[in-house]
Amino acid sequence: MTRVTLTPADILRWALILAALAVTLFPFYWMVNTSLKPGPEVFQSPPTFFSANWSFDAYRVVFETRPIGRYLLNSLIVSVGATALSVVLSALAAYGFTRFFVRGAAAFVLFLLFTKMLPETLLIIPYFQIMASLGLVDTYLALILAYSSFALPFSVWMLIGFFRTIPRDIDEAAIIDGASRLQTFFKVILPLARPGLVAVALFTFIIAWNSYVWALVLTTDANMFVVSVGIANLVGEYRVQWNELMAASVIAALPVMILYGFLNRHLVSAITAGAVKA
Amino acid sequence: MTVVSDSLSRPALPQRRRGQATRPGLESERWHGYLFIAPAFIFLCAVIVVPLVKAFWTSLERTRGLNTIFVGFDNYARVLESEAFWNSLRVSLSFTALCVAMHVAIGLGLAMLLNRVVHARAVLRVAFLTPWMVAPAIGSTVWLWLLEPQFGVVNYLFSAVGLIDSYKAWLGEPSLAFGSIVAVDVWRGVPFVMLLLLAGLQTIPVEQYEAAGIDGASPLQQFRYITLPNLKYFIVVASTLDIINTIRMFDIIAVMTGGGPIGATEVLPALLYNTAFRANHFGEAAAIGVLLLILVLAFSVLYVGLTRTHAQEGSR
Amino acid sequence: MKSTRSTLLSGIAGGLALMGAAGATAQTADKPIVLQWQTANLTEKQFEPVWKEMVAAFEAANPGIKIEPVLVARKDHWTKFVTASQARRAPCLVSVDLTTAAYNGYLMALDSYWNAEPEAWRKAWSDEVMKAARWQGKLYGVPIWGGIYAEIYNKDLVTAAGLDPAKPPVSWADYMTWAKALTKDGQWATAILGGKTDTTTRVLLTWIYSNGGEVFNADMTEATFAKNPKSLEAIKAYLGMAKDGFAAPAPTTTNYLEQTVMFAQNKIATMRNANWAIAKAEEDNPALKGKLIVAPAPHQIPNAPTLKTMTSTSIAADCPNPEAAWKFIKFEADAKWSIKRAKVANWMPIRSDLANEPEIKSDPMLLTFLKIGENAKPYPLPLPIWADIAAGDIVDAVQKALLAPDTVETVFKDLDAKINRKLKDQ
């Protein structure tokens with residue numbers, strides 16, 4: 001144990017950090033605080049910073065009036081599906097880029113950049129028309145395809161950075177030992193790239209979980225609603241209960257937060273590795 | 001909008017020439033590279049390019065619901081003649097400039113603070129990244145409640161400490177609304193830039209600072225002559241990518257203001273949405289989308305140019 | 001081109017067939033006719049018990065038909081409908097802005113179905129109401145329910161201000177006197193609506209109509225917000241309350257929701273609103289039960305009309321089963337459900353033959369509203385651009401005028417010009 005000594009600079013630094021932290025987290029505190037208040041207290045002025053009568057009533061109402069469990073399940077299926085697809089496609093592409101000479105690689109990267117800057121509203125109607133003509137409206141597949149396409153460009157980039165850190169000698173050694181290219185890719189390189197894959201997966205999962213507009217348009221059957229759409233339907237023009245809405249927001253945000261809490265190390269290290277190695 | 005995703009972008013352009021020149025791979029399997037890339041390429045073409053081509057075609061049509069007529073570039077002319085477009089362009093550019101400047105400035109400040117922290121670093125990193133984890137639509141809804149003019153806690157807190165003398169309609173006056181939107185986007189956008197710059201800071205060898213310390217350089221001089229030059233590349237890349245993402249930002253505006261009051265927050269994506277789904281003019285909306293795309297494309301070319309330059313510097 | 005695209009996509013689709021299978025099964029093997037039904041108010045809590053009961057009853061009476069409600073938040077209602085319509089996959093049964101949807105080709109003309117019905121049934125709707133469901137001579141929907149705008153007062157606050165709740169203001173002058181008395185520290189007489197939805201426009205219209213003003217000329221070819229002096233006068237009087245401090249602050253972000261919340265929290269003493277606001281205020285603040293006074297909006301001409309919103313059910317242009325859809329519309333329009341909607345959800349009946357039904361007659365609040373609504377102009381206005389200007393240009397003008405009160409006249413002159421340009425451009 002080293003002795004901790006606080007210099008004035010340390011104190012200033014911590015004061016600034018804590019102040020920034022307070023601003024960052026205050027909206028979350030208020031979200032939770034509001035969600036625990038009974039209805040009439042929501043509009044009390046001055047507002048209460050901790051409700052003496054706090055309860056989970058708002059959560060109970062949300063769970064009772066909407067099939068939140070079903071929404072969460074749908075979100076989970078769509079997010080996991082999009083994650084799987086995006087990870088597979090981006091790992092293959094990143095391997096191709098880092099292990100072979102590809103004519104037009106720069107053009108492809110430009111193309112990736114291009115796909116990621118399209119205004120979403122521009123694509124909604126044509127995408128819906130295509131999905132409708134394929135009979136894919138109200139299926140998980142339509143959402144999985146859309147969400148993995150959003151995540152794919154960045155996933156490829158991130159993995160290119162990662163794969164480059166894996167020496168090519170390893171591939172060559174495997175091939176000399178008699179492994180095929182695909183075997184090398186699956187059995188040797190992918191396990192080594194695991195932190196990068198986890199990061200890409202987490203990243204895609206978050207995108208898929210948080211998306212709204214496409215799910216709104218592409219699902220019509222209430223049994224197919226994902227959690228973001230289900231929650232938006234809580235907001236009527238004629239009636240909004242802030243405590244219920246905040247409770248629903250907490251429910252929607254929590255899974256991603258928990259996942260991130262567990263996996264954040266990987267995401268940060270992948271970003272760091274990629275940025276440094278680029 | 002999937003802004004969450006996009007802000008994660010970072011510089012990982014493949015610099016094929018460097019590695020490939022010395023290691024061309026096995027001659028016989030050169031074409032294998034294309035096989036590995038093909039699935040992603042075909043996928044993106046099918047899911048993004050086909051709708052895009054359709055959207056571009058729409059921008060050449062006058063559409064009134066299901067009735068469409070080909071009008072060539074008429075929609076573009078109409079858009080470029082409309083006051084609303086130029087207002088939106090102005091709003092978009094100032095919104096983007098302000099937000100990006102603040103993301104980078106605050107992000108850099110926070111990164112420098114955190115870089116020196118030894119304890120609780122992982123926890124702090126998680127905590128600071130939370131605004132970026134939450135769906136923008138949800139984050140904005142919470143802010144809508146915080147900024148509520150009568151019952152919102154921001155008015156209460158600000159007047160309690162004397163920052164304001166009467167309750168404000170944060171989203172009700174043009175300049176206040178614009179400022180509020182910027183504030184919310186700063187809240188949402190800083191964490192990622194911070195993370196990226198923190199990664200950059202960690203590449204700077206501590207020895208450089210130690211040597212400067214021995215030479216008697218002040219913290220300001222150290223920042224000016226060590227931190228900034230070393231971070232230059234990270235800052236340029238982070239801000240360029242941030243520009244691309246911020247100029248497309250729509251979620252916050254959709255939830256909080258819808259573009260109002262009187263167009264003060266009607267960024268181009270909001271104008272695009274309102275033209276398509278309120279005025280029902282899909283042709284013009286698509287034209288706005290294409291113009292927005294050209295704008296973003298210009299930034300992207302800048303981005304690629306900058307990373308290329310860096311790559312060449314790096315390989316020398 | 002199309003087939004290449006399909007092949008590409010189905011290739012990918014095949015690879016992921018497992019993922020899609022779960023969703024796909026929900027749609028296959030449907031023997032009965034399935035009709036999707038999309039209206040914005042399906043997600044409104046107070047309506048839920050009524051429509052669920054109605055759908056169950058309809059399905060029991062028509063074993064071959066299933067109704068699939070499409071739940072969507074109000075703000076996304078039109079976006080979702082339009083996107084589906086563009087792919088010719090719109091829900092068969094829809095309640096949308098009728099004129100805009102008909103103009104864009106999204107709706108089916110219903111004249112043949114309507115004309116095939118017995119005259120006695122058709123007579124239940126007044127000519128004026130039916131006129132609002134037509135566009136260019138064709139019928140595009142059957143009016144199902146409505147909302148009637150009136151002035152709603154908080155009795156306790158009125159009494160506390162020393163005013164007589166039995167004699168609500170009749171003229172604007174009376175209203176301003178009341179407004180002055182009802183405004184005090186932390187409480188305002190009323191709220192001006194200036195937020196970014198068309199409720200802003202609805203309330204503005206009630207003021208214009210109460211002065212005998214009009215916002216269009218007779219053949220709907222020219223806007224007259226500023227051109228008609230009566231209209232301009234009404235706009236000035238209404239928005240002037242903000243300058244005088246009688247209206248709650250932050251009008252440019254105030255819409256139905258903010259207005260009713262302030263009313264329920266005793267922040268404002270009166271609101272210009274429709275019947276459904278009663279239920280909302282009483283639910284938000286149960287202490288208000290029995291403490292609300294409903295009166296016609298103060299007016300400057302005798303027997304001034306108020307505003308009556310009309311919601312019709314229409315059939316989408318590409319609906320493959322219009323006969324079944326028509327059956328549902330007829331079922332929905334039945335007196336029994338009209339009364340239930342009125343009693344439980346506060347949606348006003350729009351048929352003129354219901355006023356004598358015992359359940360309606362025995363409800364004084366309903367009766368008051370129906371009486372006020374006897375002289376009312378239908379809303380929305382029959383213009384293809386109405387939805388756009390009602391939530392866009394008119395709101396912008398109100399906001400501009402609220403932010404710079406001296407410019408009211410110029411702002412609304414500009415509005416007239418802008419609307420006229422849009423009218424010519426269609």
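Labels below follow one simple rule: chain letters A, B, ... track the order of the sequence lines, proteins then strands, and each chain is numbered from 1.
Between B/Trp145 and A/Met246 the shortest side-chain heavy-atom distance falls below 4.5 Å. No side-chain heavy atom of A/Tyr147 sits under 4.5 Å from any side-chain heavy atom of B/Val47. Contact check for B/Leu146 versus A/Phe26: side-chain heavy atoms found under the 4.5 Å cut-off. Taking the side chain as every heavy atom from C-beta outward, A/Tyr212 and B/Asp251 never approach each other to under 4.5 Å. Residues A/Pro126 and B/Val50 form no side-chain contact, since every pair of their non-hydrogen atoms from C-beta on lies 4.5 Å or further apart.
Heavy atoms closer than 4.5 Å to chain B are found in the side chain of A/Gln129, but not in its backbone. Only the side chain of B/Trp187 comes within contact range of chain A, judged by heavy atoms closer than 4.5 Å. Of the two parts of B/Ile106, neither the backbone nor the side chain holds a non-hydrogen atom closer than 4.5 Å to a non-hydrogen atom of chain A. Within the 4.5 angstrom heavy-atom criterion, atoms from both the backbone and the side chain of B/Phe41 approach chain A. There is no contact between B/Trp57 and chain A, counting heavy-atom distances below 4.5 Å. Contact annotation for B/Ala137: neither backbone nor side-chain heavy atoms come within less than 4.5 Å of a heavy atom of chain A. In this structure, the portions of A/Ser148 lying under 4.5 Å from any heavy atom of chain B include both its backbone and its side chain.
Side-chain N or O atoms of A/Asn210 include none that pairs as donor or acceptor with a backbone N or O of B/Pro136 at under 3.5 Å. Side-chain atoms of A/Arg99 do not come within 3.5 Å of backbone N or O of B/Gly33 as any donor-acceptor pair.
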Problem set entry | CA sep, side-chain torsions, deciding dist, call: A/Phe111, B/Ile48, side-chain contact (heavy atoms from CB on, under 4.5 Å) | CA-CA 11 Å; A/Phe111 170 70; B/Ile48 295 209; over 6 Å; no
For this session: Go through the steps to decide whether B/Val134 and A/Met257 satisfy the test side-chain contact (heavy atoms from CB on, under 4.5 Å), and finish with yes or no.
Result: CA-CA 8 Å; B/Val134 177; A/Met257 298 267 191; 3.3 Å; yes
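Going from atom OH of A/Tyr127 over to atom NZ of B/Lys54 covers 13.5 Å, rounded to the nearest 0.5 Å. Between the CD1 atom in A/Ile125 and the OG1 atom in B/Thr58 there is a gap of 8.0 Å [rounded to 0.5 Å]. For the atom pair CG of A/Leu85 and CZ of B/Phe43, the computed distance is 5.0 Å after rounding to the nearest 0.5 Å. Of the inter-residue distances, the one linking A/Phe108 atom CZ with B/Ile37 atom CD1 reads 6.5 Å to the nearest 0.5 angstrom. The line from CG of B/Leu124 to CG of A/Leu18 is 8.0 Å long, rounded to the nearest 0.5 Å. In this structure, CG in A/Leu21 is found 11.5 Å from CG in B/Leu113, a value given to the nearest 0.5 Å.
Of all heavy-atom pairs between A/Tyr260 and B/Arg125, the closest is OH-O, 4.1 Å. Among all heavy-atom pairs drawn from A/Pro119 and B/Leu293, the shortest one is CD-CD1, 4.1 Å. Across all non-hydrogen atoms, the minimal contact from B/Leu44 to A/Ser149 is CD2-O, 3.9 Å. In plain terms, the two heavy atoms of A/Trp14 and B/Val117 that are nearest each other are CZ2-CG1, 3.8 Å.
When A/Pro27, A/Ala252, A/Ala146, A/Ser249 are compared by the number of non-hydrogen pairs under 4.5 Å with chain B, A/Pro27 comes out ahead. Across A/Val42, A/Val23, A/Asp10, the residue that shares the most heavy-atom pairs under 4.5 angstrom with chain B is A/Val42. For the set B/Val142, B/Ile247, B/Val290, the entry with the most heavy-atom pairs within less than 4.5 Å of chain A is B/Val142. When each of B/Thr130, B/Ile244, B/Val49, B/Ile138 is checked for heavy-atom pairs under 4.5 Å with chain A, B/Thr130 comes out on top. Among the candidates A/Val256, A/Thr34, A/Val88, the residue making the largest number of heavy-atom pairs closer than 4.5 Å to chain B is A/Thr34. Chain B forms more heavy-atom pairs under 4.5 Å with one residue of A/Phe49, A/Phe185, A/Phe128 than with any other, namely A/Phe49. When each of A/Ser228, A/Ala94, A/Pro46, A/Ala253 is scored by its heavy-atom pairs under 4.5 Å with chain B, the top score falls to A/Pro46.
Using a 30° and 60° split on the angle between ring planes, B/Phe36 and A/Phe100 fall in the parallel class, below 30°.
Partners of B/Tyr167 by side-chain contact (heavy atoms from CB on, under 4.5 Å), not counting sequence neighbours, listed by chain and number: B/Asn155, B/Tyr156, B/Ser159. Checked against side-chain contact (heavy atoms from CB on, under 4.5 Å), A/Ala20 has the following partners two or more places apart in sequence or in another chain: B/Leu110, B/Phe128.
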